[in-house]
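So the structure is just underneath, and the comments pick up after that.
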Amino acid sequence: HVYIARRPSDVRHVVNEHDVLSALKPWRFEKVYLEDLTVQRQVQLFQQADFIIGPHGAGLVNTTFCNPGTRVIEIGTPARASALFY
């Protein structure tokens, strides 16, 4: 189980990330900063994941490498709401 995080200095970070991670704790999600990983390691991470949660953005393009049946939750924001994403 993988939680894709953004650093607090990124204006697009999840503001209540602490609360989100606390809620996910029983399911043992691993918090990952994709920018800290090589492309190869990102591919491996997504191939091995059963569940991915993360904020809307380019990092979730890696879901291309997920296996069929991998569950994905994308965290959106009302600040950038667009009918294109529904």
Side-chain angles (χ1 to χ4, degrees):
H1 293 64
V2 178
Y3 174 81
I4 306 302
R6 289 201 178 124
R7 299 210 186 324
S9 59
D10 186 325
V11 295
R12 299 168 303 150
H13 75 280
V14 176
V15 212
N16 65 337
E17 184 174 80
H18 177 75
D19 297 328
V20 172
L21 290 170
S22 292
L24 296 175
K25 194 170 190 169
W27 293 279
R28 299 177 187 216
F29 274 78
E30 175 186 357
K31 180 179 175 179
V32 175
Y33 294 101
L34 293 177
E35 62 268 23
D36 292 345
L37 305 177
T38 65
V39 173
Q40 181 179 4
R41 180 63 189 119
Q42 290 179 40
V43 170
Q44 290 172 339
L45 181 72
F46 279 76
Q47 284 177 333
Q48 297 168 354
D50 293 321
F51 209 122
I52 305 279
I53 297 178
H56 170 79
L60 289 180
V61 75
N62 289 313
T63 57
T64 303
F65 303 112
C66 289
N67 290 308
T70 301
R71 293 163 287 179
V72 178
I73 294 179
E74 180 178 23
I75 301 172
T77 172
R80 294 187 58 153
S82 169
L84 296 173
F85 300 117
Y86 294 110

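Please read these numbers as outputs of a predicted model, since none were measured by experiment.
Between Val14 and Asn16, some side-chain heavy-atom pair lies under the 4.5 Å cut-off. Inter-residue side-chain proximity for Phe65 and Gln42 is flagged as unmet; no heavy-atom pair is nearer than 4.5 Å. The shortest side-chain heavy-atom distance between Leu34 and Phe46 falls under the 4.5 Å cut-off.
Classified by interplanar angle (parallel below 30°, tilted 30° to 60°, perpendicular above 60°), the ring pair Phe51/His1 is parallel.
Of all the heavy atoms in Gly54 and Leu60, the pair that sits closest is O-CD1, 3.8 Å. Contact between Glu17 and Ala5 at its shortest, heavy atoms only, is OE2-CB, 3.5 Å.
Around the CZ atom of Arg28, the shell of radius 6.0 Å holds no more than 12 heavy atoms that belong to other residues, nucleotides or ligands.
Once rounded to the nearest 0.5 Å, the distance linking CZ of Arg71 with CD1 of Ile53 reads 9.5 Å. Here OG1 of Thr70 is found 11.0 Å from CD of Gln48. Values are rounded to the nearest 0.5 Å. We find the CD1-CD1 distance between Ile4 and Ile75 to be 10.0 Å, quoted to the nearest 0.5 Å.
Leu45 and Tyr33 sit in two unconnected hydrophobic clusters of ILVMFWY residues. Membership requires side-chain heavy atoms under 4.5 Å apart, directly or through other members. By the criterion of side-chain heavy atoms lying less than 4.5 angstrom apart, applied directly or through intervening Ile, Leu, Val, Met, Phe, Trp or Tyr residues, Val2 is not grouped with Ile73; the two fall into different hydrophobic clusters. Side-chain heavy atoms closer than 4.5 Å link hydrophobic residues (I, L, V, M, F, W, Y) into clusters, and following such links, even through other members, never connects Val72 to Phe29.
In summary, of the residues considered (Lys31, Arg7, Arg6, Arg41), a salt bridge (Lys or Arg N to Asp or Glu O under 4.0 Å) with Asp36 occurs for Arg7 alone.
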